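See below for the structure under consideration.
To find a chain, count down the sequence lines: A is the first, B the second, and so on, and within it residues start at 1. Note that these values count all heavy atoms, side chains included, but never hydrogens, waters or copies made by symmetry. Note that this is a predicted model, so its numbers are computed, not measured.
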There are 2 protein chains.
Amino acid sequence: MTAHTLRYYERVGLIQPVGRARNGHRRYSEADEAWLHFLHCMRATSMPIREMQRYAELRELGDATSLERRKILEDHQAGIAGQIVELQQAHALLTHKIANYKMIEERIRITHPVVAEPEVDCELTPVS
Amino acid sequence: MTAHTLRYYERVGLIQPVGRARNGHRRYSEADEAWLHFLHCMRATSMPIREMQRYAELRELGDATSLERRKILEDHQAGIAGQIVELQQAHALLTHKIANYKMIEERIRITHPVVAEPEVDCELTPVS
DNA sequence: GCTTGACTTCGAGCGCGCTTTAAGTTGTAC
DNA sequence: GTACAACTTAAAGCGCGCTCGAAGTCAAGC
């Protein structure tokens, strides 16, 4: 996560204005880091920024929004489950295709065998 | 997959110019459909268009490109495996967070119980 | 004959999520 | 004191993958 990305997340309201050192530089607390880690996980699993904004907004409002926030997470979790299935299917498909390529390569290897080059001076110069 | 997307894929070389009916309309053969299905699977698992273009290009060149094509697929499969792990981790994280929200909601339910409204005319009107 | 609708081409437009640029301030090392 | 690096701001730019719009052609149905 680059500094630029952190600025961006702050700009769009994914993170609240964070603490500053005396010189004005940002100082991220452990709580900030935990929240950023969570954001990172959600992004890495394709949650749209908009949805993360909505979640962050509710989070600011406190426990009363628990239900709605839970719903967001449950929906996203269901999405993740679907993604996993798709990925597993693609993985299986690729296993098949890769096996097929290996067969093709084997066929080529048999049809056009690599003839050994005459290796006249082979082993005449010992490795020191 | 919309018609627009099919045109786009043809434009960028992911599919070869496809057969046409007498009126000029495209007719997709079963082979076309199989290829499109494959493209769809790769896209659904985040293979970039560029890489699909490279693969399609090699495919046009025939069996001699088998090795390189296999490498592309193997790399992508490895990427998929990584994605699956990330998704599973996020799924687990969400399970925890969701459980936590349920606890919070339970706490609220106990602290602010919903007082039963007086239900005076309850059951006086039988359901027909 | 005329409308409707599904296709055709080509080019422009767009939403997302950053990413880069430019210009300015501050603290540290030599 | 002065170079340098690391931060600051605000705004503009960009790559990706579509997505849409405009204008035209064709075939079928009323």
Side-chain angles (χ1 to χ4, degrees), chain A residues 1-30 32-33 35-59 72-73 75-76 79-80 82-83 86-87 89-90 93, chain B residues 1-30 32-33 35-59 72-73 75-76 79-80 82-83 86-87 89-90 93:
Chain A
M1 225 175 205
T2 72
H4 282 304
T5 304
L6 291 176
R7 300 303 158 274
Y8 169 69
Y9 279 12
E10 199 172 313
R11 254 195 350 254
V12 300
L14 283 181
I15 44 187
Q16 289 295 102
V18 73
R20 301 293 181 115
R22 218 169 296 121
N23 58 12
H25 293 191
R26 286 170 180 78
R27 289 293 168 245
Y28 292 90
S29 69
E30 284 193 14
D32 291 330
E33 280 182 28
W35 173 238
L36 284 168
H37 174 68
F38 173 69
L39 291 178
H40 177 75
C41 287
M42 295 305 98
R43 273 303 300 143
T45 54
S46 305
M47 180 180 280
I49 296 281
R50 275 187 178 284
E51 205 163 331
M52 288 165 54
Q53 284 172 323
R54 177 73 186 138
Y55 184 87
E57 199 179 292
L58 292 170
R59 186 165 171 268
I72 291 174
L73 297 192
D75 287 353
H76 186 57
I80 286 176
Q83 283 185 61
E86 255 189 333
L87 286 166
Q89 285 170 354
L93 170 62
Chain B
M1 224 175 207
T2 73
H4 280 305
T5 304
L6 291 176
R7 301 301 160 273
Y8 169 70
Y9 279 13
E10 201 173 310
R11 259 200 340 259
V12 300
L14 283 181
I15 44 187
Q16 290 295 102
V18 75
R20 300 294 182 114
R22 217 170 297 119
N23 58 12
H25 293 191
R26 288 172 180 76
R27 289 293 166 244
Y28 293 90
S29 69
E30 285 193 13
D32 292 330
E33 281 183 25
W35 174 237
L36 284 167
H37 174 69
F38 173 70
L39 291 179
H40 178 77
C41 288
M42 294 305 97
R43 272 305 299 144
T45 54
S46 305
M47 180 180 279
I49 296 280
R50 276 189 178 283
E51 206 164 332
M52 289 166 50
Q53 284 172 322
R54 176 74 185 138
Y55 185 88
E57 198 178 294
L58 294 170
R59 187 166 170 266
I72 291 173
L73 298 192
D75 287 354
H76 186 57
I80 286 175
Q83 283 185 62
E86 255 189 333
L87 286 166
Q89 285 170 354
L93 170 62

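The shortest distance between side-chain heavy atoms of B:Gln83 and A:Gln83 does not fall below 4.5 Å. A:Glu51 is not listed as a side-chain neighbour of A:Met42, based on a closest heavy-atom distance of 4.5 Å or more.
Applying the 4.0 Å criterion to OP1 and OP2 of D:dC18, one finds that B:Arg43 has a side-chain N or O inside that range. Note on A:Arg20: a side-chain N or O is less than 4.0 Å away from OP1 or OP2 of D:dT9. Contact check, A:Tyr9 against C:dG17: no side-chain N or O comes under 4.0 Å of OP1 or OP2. The side chain of B:Arg26 places no N or O atom within less than 4.0 Å of a non-bridging phosphate oxygen (OP1 or OP2) of C:dC7. The phosphate of C:dA12 has neither OP1 nor OP2 within less than 4.0 Å of any side-chain N or O from B:Arg11.
Within a 6.0 Å sphere centred on CZ of A:Arg20, heavy atoms belonging to other residues, nucleotides or ligands number more than 12.
Residue B:Arg27 is out of contact with every strand shown, counting any heavy-atom pair closer than 4.0 Å.
Taking the six-membered ring for Trp and thresholds of 30 and 60 degrees, B:Tyr55 and B:Trp35 have nearly parallel ring planes, at less than 30 degrees apart.
Position along DNA chain D of the nearest nucleotide to B:Arg50 versus B:Thr2 favours B:Arg50 as the more 5'-ward residue. Mapped onto DNA chain C by nearest heavy atom, A:Arg22 and B:Ala3 fall at different nucleotides, with B:Ala3 at the one closer to the 5' end.
As a whole-Å value, the separation of A:Leu6 CG from C:dG17 P is 16 Å. Across the protein-nucleic acid pair, A:Met52 atom CE and C:dG17 atom C1' stand 11 Å apart, rounded to whole Å. Between the NE2 atom of A:His25 and the P atom of C:dT26 there is a distance of 9 Å, given to the nearest Å. Rounded to an integer number of Å, the gap from NE2 of A:His4 to C1' of C:dC18 is 10 Å. The OH atom of B:Tyr8 sits 14 Å away from the C1' atom of C:dG11 (whole-angstrom rounding). When rounded to the nearest whole Å, the span between CE of A:Met42 and P of C:dC18 equals 14 Å. Per the geometry, CD belonging to A:Gln53 stands 15 Å off P belonging to C:dG15, to the nearest Å. Spacing between atom CD1 of A:Ile49 and atom P of D:dC16 amounts to 19 Å, rounded to whole angstrom units.
Of the listed residues (B:Gln53, B:Arg59, B:Arg54), just one forms a side-chain hydrogen bond (donor to acceptor under 3.5 Å, both in side chains) with B:Glu57, and that residue is B:Arg54.
With C:dT26, C:dT8, D:dC26 as the choices, the nucleotide that has an atom nearest any side-chain atom of B:Arg7 turns out to be C:dT8.
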